[in-house]
2 protein chains.
Amino acid sequence: MKTRDKIIQASIELFNKQGERNVTTNHIAAHLNISPGNLYYHFRNKEDIILSIYEEYARNLLLDTFPKVSPEIKPFDAVILYMDAVFQALMKFRFFYVNLPVLLAKNPVLREKYVEVQYTITERLTEMLNALRDADMMIFDEEELPDIVSILRLINTFWLSFYQTQNENAEINDSVFYGGVLKILVMIRPYITDSAMDDFLAARKMYRERYNEALSLA
Amino acid sequence: MKTRDKIIQASIELFNKQGERNVTTNHIAAHLNISPGNLYYHFRNKEDIILSIYEEYARNLLLDTFPKVSPEIKPFDAVILYMDAVFQALMKFRFFYVNLPVLLAKNPVLREKYVEVQYTITERLTEMLNALRDADMMIFDEEELPDIVSILRLINTFWLSFYQTQNENAEINDSVFYGGVLKILVMIRPYITDSAMDDFLAARKMYRERYNEALSLA
DNA sequence: AATCTTTTTGAGTAAATACTTTAGAACTAA
DNA sequence: TTAGTTCTAAAGTATTTACTCAAAAAGATT
């Protein structure tokens with residue numbers, strides 16, 4: 001692996017474990033047994049590392065794995081895939097989401113890229129819910145849709161932060177992931193039509209089982 | 001005003017304006033034209049200041065203004081009062097909520113007090129929703145209630161953070177507050193019974209008007 | 001082998017930061 | 001008035017932190 005990539009991987013690891021604030025460029029270099037000068041040969045500064053992490057990894061994870069609405073994919077599966085993509089990014093780059101407002105305030109370029117991704121997510125999520133409505137699986141007022149999408153994004157974005165405020169040094173494992181998915185399901189349940197309710201309850205049952213399983217393994 | 005109080009007030013102001021991370025004890029002292037030594041006479045360190053802000057101000061704002069369920073207060077008004085208390089605290093101590101996971105991770109005593117307050121809020125909010133259900137104004141599965149309460153707290157806690165990630169250097173005014181209230185109303189609408197829907201829609205209408213008014217003033 | 005380019009080292013620095021210490025001023029109560 | 005207590009100033013210091021730079025090592029090209 002190239003030094004540049006090693007720096008990025010080590011940074012993600014250390015940031016997640018110790019918090020971005022507590023990890024200095026010198027720490028990262030020491031962790032990799034390279035010199036600070038070497039690190040600064042590859043990155044202009046610490047912000048540049050964070051920006052690169054988002055730009056080269058998180059951004060792509062979010063956008064590429066996002067399911068497109070298409071005839072081949074059933075609407076409900078699309079939602080499942082969506083949750084997978086979002087929560088996966090959330091777990092892998094948790095240092096980022098746990099400190100989101102501070103990091104974005106400090107780095108306008110990062111904010112710009114973040115807002116751009118969020119805009120795309122909003123669009124795709126809206127398409128997705130509209131597809132579910134067209135398939136008579138969900139029902140909601142047209143005027144409510146933007147707010148529902150907003151709340152779903154809010155839950156996604158801050159689920160891990162919320163979890164961490166409640167649970168002291170709790171290990172981050174799959175149960176946290178499934179716990180987040182279950183919250184999303186609670187949120188959308190009232191909008192599920194009778195005809196789709198069986199499908200919905202089956203999906204919820206599956207995630208509850210996975211949640212309990214992950215809990216017992218931890 | 002005593003020096004100790006001046007330090008607390010100035011800290012709240014500077015933390016909110018510039019972010020806790022960017023405000024040092026020396027900055028606070030300089031802002032007040034006192035010496036660093038003076039500041040350290042009143043507080044052991046910066047964490048001690050943050051802890052005192054939460055303990056002496058935010059905590060009490062949250063707990064004291066929280067409406068108790070009582071025969072004199074109509075259930076729906078209780079929810080309105082609840083939202084007022086929570087969002088008011090959110091605005092006044094926004095530096096705290098915008099950086100919540102990091103601050104709590106760094107300071108276990110703070111976390112303990114925070115979790116304690118959250119526990120009380122969960123209890124009161126549960127009482128409140130139960131009262132609304134008993135008054136036939138809301139309907140929900142008993143098993144769903146804890147999750148609904150959780151999501152409401154999540155929206156409350158991170159509404160401002162979410163807002164800030166979306167809107168660059170946007171001024172924090174009343175429209176942000178009302179925007180948060182409206183999100184809460186979207187969240188609970190599906191659980192409102194037919195008999196209470198008129199009351200609910202009237203409340204929503206009022207908050208929408210206030211929201212638009214605050215927006216046009218900004 | 002010689003030359004050029006890329007990568008890496010490691011010692012080093014300037015600035016920032018959290019915090020200390022000593023001494024004296026101001027207030028308080030007998 | 002005096003003795004005790006509380007408060008404040010001023011001048012620090014030890015550490016951390018982000019970042020630099022000259023020179024050497026490693027790699028590529030001809």
Side-chain angles (χ1 to χ4, degrees), chain A residues 1-56 95-96 98-99 102-111, chain B residues 1-56 95-96 98-99 102-111:
Chain A
M1 192 164 27
K2 291 266 184 196
T3 302
R4 194 192 140 86
D5 279 322
K6 281 200 267 181
I7 293 171
I8 289 210
Q9 294 309 319
S11 298
I12 293 173
E13 186 192 326
L14 293 175
F15 287 163
N16 279 338
K17 203 185 296 170
Q18 302 169 31
E20 178 269 338
R21 188 179 187 166
N22 306 315
V23 177
T24 71
T25 49
N26 291 351
H27 288 152
I28 299 167
H31 181 81
L32 289 169
N33 283 318
I34 64 171
S35 63
N38 194 355
L39 186 148
Y40 278 91
Y41 172 77
H42 291 283
F43 295 95
R44 295 226 308 280
N45 51 39
K46 195 175 158 188
E47 278 191 9
D48 191 21
I49 298 177
I50 296 171
L51 185 63
S52 299
I53 291 174
Y54 187 74
E55 183 62 3
E56 296 169 30
F95 80 90
F96 182 75
V98 154
N99 212 7
V102 173
L103 291 178
L104 296 186
K106 221 172 47 181
N107 192 336
V109 182
L110 183 61
R111 155 172 260 124
Chain B
M1 191 162 28
K2 293 266 185 198
T3 303
R4 192 191 141 86
D5 278 322
K6 281 199 269 182
I7 293 170
I8 289 210
Q9 294 309 320
S11 298
I12 293 173
E13 187 192 325
L14 293 176
F15 286 163
N16 279 339
K17 204 184 297 170
Q18 301 170 31
E20 178 269 337
R21 186 177 189 169
N22 306 315
V23 177
T24 72
T25 50
N26 291 352
H27 288 151
I28 299 167
H31 182 81
L32 289 168
N33 283 318
I34 64 171
S35 63
N38 194 353
L39 186 147
Y40 278 91
Y41 173 78
H42 291 283
F43 296 94
R44 296 225 309 278
N45 50 41
K46 195 176 160 187
E47 279 193 7
D48 191 22
I49 299 177
I50 296 171
L51 185 63
S52 300
I53 291 175
Y54 186 75
E55 182 62 3
E56 298 168 30
F95 79 90
F96 181 74
V98 154
N99 212 6
V102 172
L103 290 178
L104 296 186
K106 219 172 50 181
N107 192 336
V109 183
L110 183 62
R111 156 171 260 128

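Chain identifiers are assigned alphabetically (A, B, ...) following the order of the sequence lines, protein sequences preceding nucleic acid strands; residue numbering begins at 1 within each chain.
A search for side-chain hydrogen bond (donor to acceptor under 3.5 Å, both in side chains) contacts involving A:Gln18 returns nothing, not counting sequence neighbours. B:Lys106 is linked by a side-chain contact (heavy atoms from CB on, under 4.5 Å) to A:Arg21, B:Glu20, B:Glu47, B:Leu103, counting only residues two or more places apart in sequence or in another chain. For B:Ala105, the side-chain contact (heavy atoms from CB on, under 4.5 Å) criterion is met by no residue, not counting sequence neighbours. With sequence neighbours excluded, the residues that form a side-chain hydrogen bond (donor to acceptor under 3.5 Å, both in side chains) with B:Thr24 are B:His27. Residues satisfying the side-chain hydrogen bond (donor to acceptor under 3.5 Å, both in side chains) criterion with A:Tyr54, sequence neighbours excluded, are absent altogether. For the salt bridge (charged side-chain N to carboxylate O under 4.0 Å, His left out) test, residues two or more places apart in sequence or in another chain that qualify with B:Lys17 are B:Glu13. Taking A:Asp48 as the reference, A:Phe43, A:Arg44, A:Asn45, A:Ser52 meet the side-chain contact (heavy atoms from CB on, under 4.5 Å) condition, with sequence neighbours excluded. Every residue was checked against the side-chain hydrogen bond (donor to acceptor under 3.5 Å, both in side chains) condition with A:Asn26, not counting sequence neighbours, and none meets it.
B:Asp48 comes within 4.0 angstrom of nothing in the nucleic acid, heavy atoms only.
Atom pair A:Lys2:NZ and C:dT8:C1' shows a separation of 13 Å (rounding to whole Å applied).
Screening residues 1-10 of chain A for salt bridge (charged side-chain N to carboxylate O under 4.0 Å, His left out) gives A:Arg4-A:Glu56 as the qualifying pairs, with residues at least two apart or on separate chains.
Shown for residues 5-15 of chain B: no residue has heavy atoms falling under 4.0 angstrom of DNA chain D.
When side chains are defined from C-beta on, B:Leu39 counts as touching B:Ile49, because their heavy atoms get closer than 4.5 Å.
Once you apply a 4.0 Å limit to the heavy atoms of chain A, the touched nucleotides of DNA chain D run 5' to 3' over D:dT17 to D:dC21.
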Whether each nucleotide of nucleotides 11-29 of chain C has a protein heavy atom under 4.0 Å at its base (B), only at its sugar-phosphate (S) or at neither (-) is summarised, 5' to 3', as ------SBBBB--------
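Taking only side-chain nitrogens and oxygens, A:Tyr41 never comes nearer than 4.0 Å to OP1 or OP2 of C:dT8.
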